[in-house]
Each structure stands twice: as C-alpha cells, then as structure tokens.
Amino acid sequence: MPASRLANDATAGTHQAPLRAIDRVRIARDPQRPGTLDYLAELFTNFIELHGDRAFGDDQALIGGVATFNERSVLVLGHQGGANTRENLARNFGMPRPEGFRKSRRLMRHAEKFGLPIVTFIDTSGADPGISSEERGQGTAIAESLLEMVGVRVPIVCVVIGEGGSGGALAISLGDRLLMLENAVYAVASPEACAAILWKDASFAAEAADTMRVTAADLQRFGIIDELILEEVAAHEAPRETVAAVGKRIAFHLDELLNIWDASDPASVDALLDARYARFRNIGAWHEVS
Amino acid sequence: MPASRLANDATAGTHQAPLRAIDRVRIARDPQRPGTLDYLAELFTNFIELHGDRAFGDDQALIGGVATFNERSVLVLGHQGGANTRENLARNFGMPRPEGFRKSRRLMRHAEKFGLPIVTFIDTSGADPGISSEERGQGTAIAESLLEMVGVRVPIVCVVIGEGGSGGALAISLGDRLLMLENAVYAVASPEACAAILWKDASFAAEAADTMRVTAADLQRFGIIDELILEEVAAHEAPRETVAAVGKRIAFHLDELLNIWDASDPASVDALLDARYARFRNIGAWHEVS
Amino acid sequence: MSQWQYRPHRGGGMRSFFHRQGKFRPRSSAEATSDSPIPEDLWVKCPKCGELLYSKELDHNARVCPKCGNHFRLGARDRIAILTDEDTFVEWDTGLRPEDPLEFVDPKGSYSDKLAATQAKTGETESLITGIAMIEGRPVVITVTDFDFMGASMGSVWGEKLARAVERATADGLPVLSVNASGGARMHEGLFSLMQMAKTVAAFGRLGDARLPHFSLLVDPCYGGVTASYATVADVILAEPGALIGFAGQRVIEQVTKQKLPDGFQTAEFLLDHGMIDLIVERALLRSTLAILIDHHIEIPPESNPSDNGLVPKRTLVEPEPEVRSRHGAGSREGQLP
Amino acid sequence: MSQWQYRPHRGGGMRSFFHRQGKFRPRSSAEATSDSPIPEDLWVKCPKCGELLYSKELDHNARVCPKCGNHFRLGARDRIAILTDEDTFVEWDTGLRPEDPLEFVDPKGSYSDKLAATQAKTGETESLITGIAMIEGRPVVITVTDFDFMGASMGSVWGEKLARAVERATADGLPVLSVNASGGARMHEGLFSLMQMAKTVAAFGRLGDARLPHFSLLVDPCYGGVTASYATVADVILAEPGALIGFAGQRVIEQVTKQKLPDGFQTAEFLLDHGMIDLIVERALLRSTLAILIDHHIEIPPESNPSDNGLVPKRTLVEPEPEVRSRHGAGSREGQLP
Ligand SMILES: [Zn+2]
Ligand SMILES: [Zn+2]
C-alpha cells in the first residue's frame with residue numbers, strides 16, 4: 001500500500017473528528033480506493049463480462065456482466081476508471097460515453113429477461129463531455145438508461161463506492177436500494193464546476209463542496225440514500241475490509257428484496273416497482289401554499 | 001411522362017407476351033416507377049415523418065412515419081431512393097445503413113405501443129455494403145429489425161413495389177401479408193451478383209435472373225407472396241393507376257387483418273402472431289426420408 | 001439533410017399567434033435586445049440577419065424574424081399562448097414553492113434570497129408551469145419551462161409539478177406535451193435537483209405503460225439534466241429550427257476537449273442529422289403538427305361518443321373530404337404524380 | 001481494446017479435445033493445407049506464423065496453433081466433439097433433404113447434381129447439424145454449421161432443422177447453442193434461402209419469449225444471411241479469436257467502395273471493439289465458459305429435483321468451496337487486493 005497522499009488521512013475514519021466535505025471528495029477520488037473490478041474479484045464468482053451496445057462500440061468506462069453472488073446469478077454494472085495512463089485512456093478516466101449507457105440499458109433488459117437481480121457500483125466523475133459523445137446523443141443515452149432502470153422488473157441494489165458524478169452516476173443508480181460508503185460523495189456537479197459557475201473560480205471548490213452537501217451523511221439526512229456504510233478505516237487504506245463490508249450490506253439488502261420479489265408472481269414484481277416508483281416520486285424539498 | 005427507355009416496354013402489361021425475368025428487373029428499377037413517397041402522397045393523409053434511430057443518425061434510404069390510411073392511423077415504413085444525383089446521395093441510392101434498420105425497429109415498437117397497424121413499401125437494391133455500415137453492425141441491425149417484426153403485436157401489410165434486394169428488403173417485409181406488383185422483383189441477391197459468382201461474369205445477369213425465379217409470378221407459385229397485383233400498364237407508364245390499385249389491395253388486406261385483430265384482446269393478438277409465425281415457419285422446399 | 005425535415009403545407013394565411021389572453025401579454029425576450037441601443041418595446045434587432053424589426057410586428061409573427069426565420073426565444077406564458085386554444089389553459093399546482101434544504105450559500109448570498117428576488121422580478125413562482133389546455137380542440141396536459149426563471153434550472157418544484165401533471169394525464173387518459181428549455185440542474189438544490197431526473201422519468205414511464213403519448217418540444221436552449229431525462233425519451237421529439245440542444249454546454253466541451261466545435265454543433269438540425277429527434281417544426285406550424293400527432297396517438301374507444309365529453313379528443317384533424325374518401329375508387333383525385 | 005476480452009483462468013492442464021467418438025474422427029480443414037506441399041495427414045503449415053505443425057499434435061490442441069494461437073477452422077463434427085461431453089451428442093432430423101424448387105441451372109450444371117456431389121464428398125446431407133448434447137453435464141440443444149458443405153450456405157433444410165431444434169428447446173425448457181460459420185445465402189434456392197432468415201429468427205423469437213437463452217458462437221467465417229439473422233440477436237454472442245464476421249464480404253465491399261479495408265476489419269476483435277459481440281473466447285475455454293453462461297441463464301424451479309431428470313441443468317458449475325461461502329465473514333480468503 002503506498003503512503004497516503006492525503007494530509008489528514010488518519011482522520012478519514014468515523015471515529016475521528018469529522019472531515020470537511022472536500023476531504024471526502026479527495027478520498028472518494030483516490031486511485032487506490034477499490035473500484036468496480038475489485039468488488040467483482042472479491043465478492044463475486046463466475047463473472048463473465050458482457051460487452052458492447054450492439055450499435056457502435058464497447059465502453060470500458062461502464063462495464064457489466066453476469067456473475068454469482070451468494071450462490072445466485074446476478075447482473076453487475078459499474079463504472080471503472082484506470083489505474084494508470086494506458087488504462088485511463090482505454091477507460092476514458094471512468095467517464096462513460098453514450099455506448100456505455102446503451103450497454104447498461106441492454107444489460108438491464110437482459111437481466112429482466114432472465115430474472116437476474118442487478119447490483120451496480122457507482123464511481124465516476126460524470127458522463128463524458130466530448131464532442132463525439134454529444135454527436136451520439138449523450139443526453140438521450142442517459143435518459144434511456146434511466147427509463148429502463150425505473151421499470152426493470154428485477155430487484156436492484158446500488159452502491160456509491162467512490163465519486164458519484166451527476167448524470168453519469170445517476171444513470172445506473174435508480175435502484176430499490178441506494179447504499180453509500182462513508183467517504184463516497186454524490187453530487188449534481190463537481191465542486192470545481194460548481195465553484196467555477198458560482199464563484200467564477202474553481203479554487204473555491206472546498207466552499208462549494210460544503211454548501212452542495214455531497215457527503216453520505218448529508219444524503220442520509222436528506223433521505224436520498226438508504227444506508228451509509230461506515231469506513232472504520234478509509235477504503236484506500238483498508239480495501240479488503242471495505243469491500244467485505246460492502247458485500248455484507250449488499251447481501252442484506254438483496255435478501256430483503258428477494259424475500260418480497262418473485263419473478264413468476266407479477267403482483268410481487270408490481271409491488272417492487274411501485275415501491276421503486278415511490279422512492280423517486282417522494283424525493284424533493286418543497287412546500288405548498290394555497 | 002418521358003418516353004420509355006425499355007425496348008419492349010409496350011409488352012410490360014400482362015395481356016401481352018410474358019417478359020423475361022431480366023426485363024422485369026429493369027422495369028422494377030426504373031426511376032420513373034412510383035416510390036414510397038409517391039404512395040405516401042397518394043394514398044395517405046396527415047403524414048408526419050419520424051426521423052432517427054436515437055443513437056447515431058437518420059437514414060433517408062429507409063423512411064417512416066405516422067399517417068392516416070382509410071381514416072385510421074397507421075405506421076408507414078419504406079425504402080426510398082432519389083430521383084436525381086443530389087437526392088441519391090442523400091438517400092444513398094435507397095440502400096439503408098444500420099441506422100435505417102434501427103429506425104425501423106424503433107418505429108415498429110412505436111407502432112406496437114400505440115396500436116398502429118404497419119404498412120411497408122419494399123424498394124431497395126439491398127442494404128448498404130460499405131465499410132462504415134459494417135463497423136456499425138449492418139448484420140446486427142437487420143437481424144434486430146427482423147426479430148422485432150416477427151413479434152410486433154399489430155397487423156402488418158407489406159408490398160414489394162420495385163426491387164426487393166436481399167436482406168435490406170427482408171428487414172421490413174416480415175408482415176402478415178406480402179403483396180407484390182407484377183413487375184416488381186424480389187431476390188436473394190441481384191442477378192448481376194449471382195452471375196458474377198456463378199458465371200464469373202456479371203453480363204450473364206439475364207440467365208441468372210431466369211434461374212433465380214425473381215418475379216412475382218414465380219414467388220406466387222412458390223407461395224412466398226400472398227398476392228400479385230397486376231400492372232395492366234407498367235407502373236412507370238401509369239403511376240397513378242398503379243398506386244391506386246396497390247392502395248385498394250392494401251385496404252382489402254388491412255381490413256381482413258383488422259377484422260381478426262383487436263389490440264385490447266390479447267387472444268386475438270396472439271392469434272395474429274401465431275399466423276405470422278406459421279407463415280414463415282412453413283416456407284421452405286425440403287423432404288424427409290426415414 | 002435538413003431538406004427532409006417535416007414541412008406540411010400551410011393552410012390559409014398567417015394568423016396572430018398571441019391571443020392576448022388577459023395576463024398572457026407577450027414579453028420581449030431579454031436575450032434578443034441585450035446588445036441593442038434601441039428601446040426594447042419598440043424595435044428589436046434580429047441577431048441572425050441584423051434586420052431591425054418592429055417589436056409589435058415580431059410579436060404578431062410569434063417572434064419569428066419575418067426576414068430570415070430566426071426563432072426568438074419565447075417566455076413560458078407566451079409559449080402557452082401560441083400553442084393552445086384561446087382561453088383554454090388552466091394552470092395546475094400554483095401553490096408549490098421551493099425550499100432551501102442545503103441552506104445553500106454562494107458569494108451572492110443565500111438561495112432563499114435569490115429565489116425571492118427572482119420571483120419578484122419574473123412574477124413566477126418557479127421555472128415550470130403545468131396545466132391543461134386544448135390544442136385545436138384536443139385536450140392536452142402541457143408543461144412549459146420558463147428560461148427567465150433561473151435559467152429554467154430543474155429543482156424540486158419542477159419535479160413535483162411535472163410528476164403531478166403526468167400522473168393526472170395518466171389517470172385521465174390524456175396526452176402530454178412538454179416544452180423544454182433548460183440550463184440544466186439547479187445547483188442550489190444539490191442532489192435533490194439531480195434526483196428530479198429520476199422522478200420525472202419515472203412519471204413518464206408510467207404514462208408510457210398506459211400507452212399514452214408524450215410529445216416533447218425542445219426549444220432554445222435545452223441542456224443538462226432535462227436533455228438527459230424525460231425530454232429525450234418522449235414518443236415523438238420535436239424541436240424548433242436553430243434551437244441549441246445538448247447534454248454538456250459548449251463552453252464546458254471547449255474547455256475539456258480543447259477542440260473547436262463543428263459548425264452547427266448542437267443545433268436542432270444537427271440533432272436531426274444525428275438521429276436524436278423526430279422532426280423540426282417551424283413555430284407557425286407547431287399547433288397543426290401537434291394536433292395531427294395527437295390524433296395519431298390517442299385512440300377513442302369505438303363505443304365512446306366524442307360529443308359526450310369535452311375531454312375526449314377528436315379523432316381526425318380535418319373531416320375527410322368526399323373525394324379523399326373515394327381516392328381508391330375512380331382515381332379522379334389529382335395527386336402529385338405526373 | 002482486446003486486452004479486456006474475457007480470459008478466465010485455465011483450470012488444470014491441457015486435455016485432448018477430441019474424444020474420438022467413433023464416427024467423429026477429426027478431419028483436416030481444407031483451407032489450412034491448400035498451399036502446402038506437405039501431405040495433409042502429417043504436417044500442416046500455420047498460415048499465420050508459418051510454423052510447421054504435426055497434424056496429430058494440432059488435433060490434440062483442438063486445431064489451435066501452439067505457437068501463435070491461430071484458430072484453424074474446424075469441421076462440424078469436430079466442433080461438436082470439442083464442445084460437448086463425450087458420447088452425449090444425439091443428432092436430430094437426419095432425414096431432411098433439400099429440393100430444387102427453382103430447377104436451378106448454372107454453367108456447372110444443376111443444383112441437384114451439385115447437391116449429390118457434395119453429399120458424396122462430405123458424407124453429410126446438408127450444411128447444418130442439429131441435436132442435443134451435454135456440456136459439462138448440462139443439456140443443451142446445439143446447432144452447428146458445416147462450412148465444407150457448400151460454404152455453409154443457408155437453405156431450406158437449414159431453416160427447417162433449426163426451427164425444429166429451437167422449437168424442441170422451447171418446449172423442453174432447454175438453452176440453445178448455435179455455432180455459426182456461413183458463406184451466406186444459398187443462391188440455388190433463391191428466395192427460399194432468404195426466407196430462412198425469417199424462419200430462424202421467428203423460431204428464436206419464441207425461444208426468447210419463453211425466456212430461454214440462446215448462445216451464439218461465431219466462428220470463421222460468418223457472413224451474409226446468418227450474420228443478418230439469428231446469429232446476431234442471441235442473448236450472448238461469443239466469437240473465436242480472429243474469426244472473420246460480417247454482413248457483406250470483403251471483396252464486395254472493396255469493389256463497391258473502392259476503398260482499402262482497415263486493418264483487422266471484420267475480425268472478432270474488430271466486432272468486440274464496435275460493440276457487436278459479448279466476448280471472444282479461446283477454443284480451449286469454450287466449454288467452461290458456456291457451462292458458466294448456461295448456469296447464469298437457466299433457472300431451476302425450486303421444486304424440481306435435478307437428480308430426477310438428466311435433462312435438468314445443474315445450477316452451479318463448481319460446488320462452492322467452503323471459504324468462498326464464508327467470504328463475507330471472517331475475510332480469511334486471499335483476494336486480488338493488496
Ligand atoms: Zn432575422
Ligand atoms: Zn501459428
């Protein structure tokens with residue numbers, strides 16, 4: 001394990017003084033933090049990656065496949081960046097292009113056809129903002145993935161394991177459960193982008209991160225996530241323990257969902273979808289005057 | 001109407017001596033022959049073209065949209081080449097690229113969602129054989145259109161109005177009825193291509209056309225088409241009469257299908273799909289020995 | 001390939017698009033006059049062709065430049081006025097108000113203060129207006145964004161209003177027309193804003209399950225979360241000519257990629273060429289086009305009687321003329337063929 | 001990006017892939033020896049790396065070059081032998097024979113004569129073999145094309161055999177593995193040939209309606225109607241390394257476009273990069289990969305007892321080891337993390 005590059009890293013655990021939001025942003029982005037492939041290697045067996053959107057390309061920033069979890073076949077989807085320059089080029093720094101979202105939609109339909117529960121790992125700075133991604137309908141591709149996910153007739157457990165960046169993160173996070181590691185963040189825009197827009201200066205990212213409320217604790221308070229998974233030691237310092245802890249919570253929530261869901265009983269599936277609909281239907285902060 | 005460029009054109013009607021297959025191939029390809037847009041203008045009202053595959057492009061060689069036919073809303077799909085060089089470039093000489101087949105699949109799903117019967121006009125020398133079409137999965141795109149069409153839960157009437165070229169034609173011809181104009185042709189490969197393969201000389205196209213049995217009369221004899229629509233005068237000489245005659249036969253067959261199909265009655269839809277399945281299931285020339 | 005875009009024949013002459021429905025007085029769009037020294041209530045300079053246009057005449061032409069066809073931006077109330085039948089719009093859920101769950105503070109102050117100032121300036125309470133109206137006699141649930149209200153950024157009230165409107169359409173069997181301009185997410189509502197993408201897509205998903213149509217009209221400019229949610233998964237996607245539509249903004253793309261953007265990048269015409277939208281419709285033809293689309297996608301059960309219920313859409317836009325009915329017969333009708 | 005292709009760990013050492021199941025004696029592929037002066041039954045020159053290979057050793061390695069990994073073409077019977085458990089393959093519908101409805105005549109003679117000559121030369125009656133077999137203990141309906149039989153062109157018998165096999169799989173709740181090489185349509189059967197695309201896709205559509213999986217294995221070369229029908233709408237699409245797969249043939253594309261084809265055009269690796277296939281699998285790993293895939297896609301109803309019925313697939317490929325079962329517990333298992 002390389003020495004930590006974070007100044008106050010020893011305080012990343014929960015038993016120390018709380019970190020500022022921007023510190024968690026840095027931890028969430030630490031390249032040593034376990035990624036989707038690490039969770040796949042540790043928690044799943046019989047993984048077979050399924051490639052391609054069947055129309056244009058195979059996006060290695062958003063990977064998926066079938067695997068065994070707790071003796072049951074599931075579909076796994078997750079963002080994956082690279083550990084070095086070569087991998088980062090191949091994986092576009094974990095920023096999916098339209099092909100990635102179209103692959104995720106294809107694989108969600110696949111999961112529905114074969115009754116495979118879905119587990120997703122969210123870890124991206126966001127959808128690719130390039131010219132060719134716009135040409136091939138980045139917005140459309142994300143929207144189609146969202147539409148598929150809110151209606152897919154199998155249980156879904158999602159975990160934010162690192163950085164949850166905007167629409168690119170949302171596209172695979174509309175499950176029946178949304179879990180989040182303590183040092184993960186999830187935001188509508190990066191603190192740097194927010195600072196650039198509102199402060200006209202990206203160096204105010206720390207201030208932006210504070211006011212944007214991007215931490216798991218904030219989102220738990222808002223009721224947007226279902227569970228915060230503690231990092232006794234920050235994940236990049238204790239990757240195996242973190243992965244194991246996440247695995248336990250996925251298993252717990254998947255078991256809970258599988259207790260109420262039976263692919264051969266349409267009423268149970270409708271109940272699952274009604275509950276999923278209610279999840280998103282009820283998120284919002286507003287009041288009504290007469 | 002320009003003077004005919006066919007030597008024996010006066011004999012194109014059925015009341016004269018029969019033409020050779022290659023003559024019909026030439027008539028089928030005549031640029032003055034009415035195309036999909038002509039049928040749309042004459043037989044349909046309230047046409048609104050729907051564009052795009054929602055992934056890469058809009059293919060103008062395979063067009064589609066919603067329109068009114070006999071006071072009922074329907075989805076129309078059809079190949080369309082150009083009348084001049086500029087149009088032919090825009091429409092790729094009527095040879096669809098993968099985007100065209102993906103649009104046709106999208107629109108068939110659209111028709112199913114809204115209970116719109118489908119009418120298709122087949123008129124293409126075939127799917128585009130270019131490098132970029134291969135890159136974007138020409139074979140996959142055709143296959144997906146076929147799979148959609150055999151299962152789409154609305155009635156479909158298909159008409160071969162000109163040249164029916166191989167997979168590019170097949171992709172929108174898997175309906176509940178397949179009608180064919182007398183001088184249209186429908187072939188697994190162009191006679192020129194067949195001659196080049198088997199005679200090693202494309203100039204043997206006439207011989208190839210004969211032995212390939214590409215005419216409507218041949219295909220009626222084989223039971224592959226449901227009806228041959230006579231051209232008293234060849235379509236390029238009498239376009240309005242031909243279009244009107246085709247309109248009558250589409251109306252007849254659509255009425256027949258609508259008498260047995262009711263979108264709100266799943267049993268009637270299943271019966272339609274069973275009959276469609278049987279149509280294709282039963283096509284073949286084989287025998288069995290013990 | 002914009003020559004293939006949909007251009008139905010125009011019926012009759014030009015009409016006044018603004019019905020002057022009491023409070024829906026047309027307002028000039030700020031962007032059109034910002035660099036003009038001429039008083040905005042009198043003359044407007046077309047940013048595309050440079051022509052000086054008399055503001056009232058521009059209004060009369062639904063704020064489309066009579067010289068070059070440039071479609072000026074329209075405020076939400078103006079948009080409703082030109083799209084719907086006179087005096088038919090009934091607004092819904094006007095009592096919904098945003099909150100400030102993040103206690104968001106930026107250098108210009110708190111979100112609450114910004115909201116109050118925007119509300120005072122615009123006279124609107126939020127960036128989305130919803131309701132029901134008739135379009136050429138057909139009832140439609142309509143949702144319209146207001147770009148003047150914080151750049152039509154999507155927040156919790158937007159999501160709640162939209163979900164309620166779409167749920168009512170689903171319950172009542174009505175089509176939905178969404179008119180979408182947006183600058184993206186409302187940063188001040190943080191992840192609540194992002195989650196409105198999920199909420200709105202989910203509501204439209206249920207409309208689709210009921211096989212009711214969603215027509216999405218993309219107008220200038222439409223970016224970010226709206227482009228990446230319900231606006232681009234509609235059954236038919238329309239756009240106005242020249243509208244800029246994209247996921248990432250042009251400045252962001254230039255900064256990240258260090259590349260020059262291609263000509264016409266992210267215009268409606270660009271999106272049509274790339275397969276993302278169904279058709280581009282000039283403002284003058286929107287109503288008639290929408291009327292036809294509604295007719296094609298809403299079915300009247302055979303036993304129902306349209307005259308019994310004002311909410312049941314008419315089946316056909318135009319009563320078929322006798323010669324159209326018999327067009328398969330004697331062939332007396334003049335077609336487009338030679 | 002072929003570094004991302006699926007490469008599971010190999011378990012144990014190499015095994016002999018040919019089970020010598022009586023009549024399934026491996027035959028050397030014609031293409032591999034055509035320009036070699038060496039007797040084909042003794043030595044074969046690898047067309048990729050030039051290595052001289054002893055034919056029996058090549059057979060022993062499932063006709064994969066031990067030096068460069070080049071996958072030589074395999075005959076249909078050899079293919080069945082290496083994919084299925086020894087002595088488990090039962091062939092179906094061997095009595096189906098083609099006809100000559102077109103009375104097709106080309107310069108070399110009639111279709112009937114060509115068929116008779118091909119049947120005599122190959123010992124097969126048609127270009128598709130169907131049946132049922134076990135793959136690592138799991139029953140699978142399997143269809144395999146024979147490129148030696150008129151270039152594995154698709155005709156009426158192919159369509160009928162395939163439809164029957166897929167219908168049986170649908171009725172019996174079995175997965176289907178199709179192994180696809182093809183030169184395209186069988187010209188001699190004219191439109192009957194083209195319509196087999198419809199027939200086969202329709203049959204697989206019904207398999208899909210029953211939520212039974214279709215695994216398609218694309219092997220060198222796979223072109224034309226097969227690529228444009230059931231082979232590319234499978235639930236999981238696999239390909240062998242280096243296999244050429246496309247719709248239009250390379251010569252046709254070059255003639256039509258007058259362009260030079262890009263490097264690696266239409267190879268399996270090219271298709272993977274372009275999103276058209278799920279994974280590339282080395283021949284040695286096909287059986288184990290297919291076994292895992294079957295397990296992931298075939299569900300055993302809870303009430304059924306696998307031991308009662310040899311046709312019910314086993315749920316797991318490998319019995320979970322105890323430490324795998326407890327991997328969420330004490331964390332004693334060594335993972336790949338540091
Ligand atoms: Zn102008
Ligand atoms: Zn070699």
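A note on names: the letters A, B, ... follow the listed sequences, proteins ahead of strands, and every chain is numbered from 1.
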*Would you mind checking which part of B/Ala141 comes under 4.5 Å of any heavy atom in chain A, side chain (CB onward), backbone (N, CA, C, O), both or neither?*
neither
*asked:* Which one wins on heavy-atom pair count under 4.5 Å against chain B: A/Arg102, A/Glu99, A/Arg54, A/Arg136?
replied: A/Arg102
*Closest heavy-atom contact between A/Arg109 and B/Arg109?*
NH1-NH1, 3.1 Å
_Proximity breakdown for A/Glu144 and chain B, heavy-atom pairs closer than 4.5 Å_ = side chain
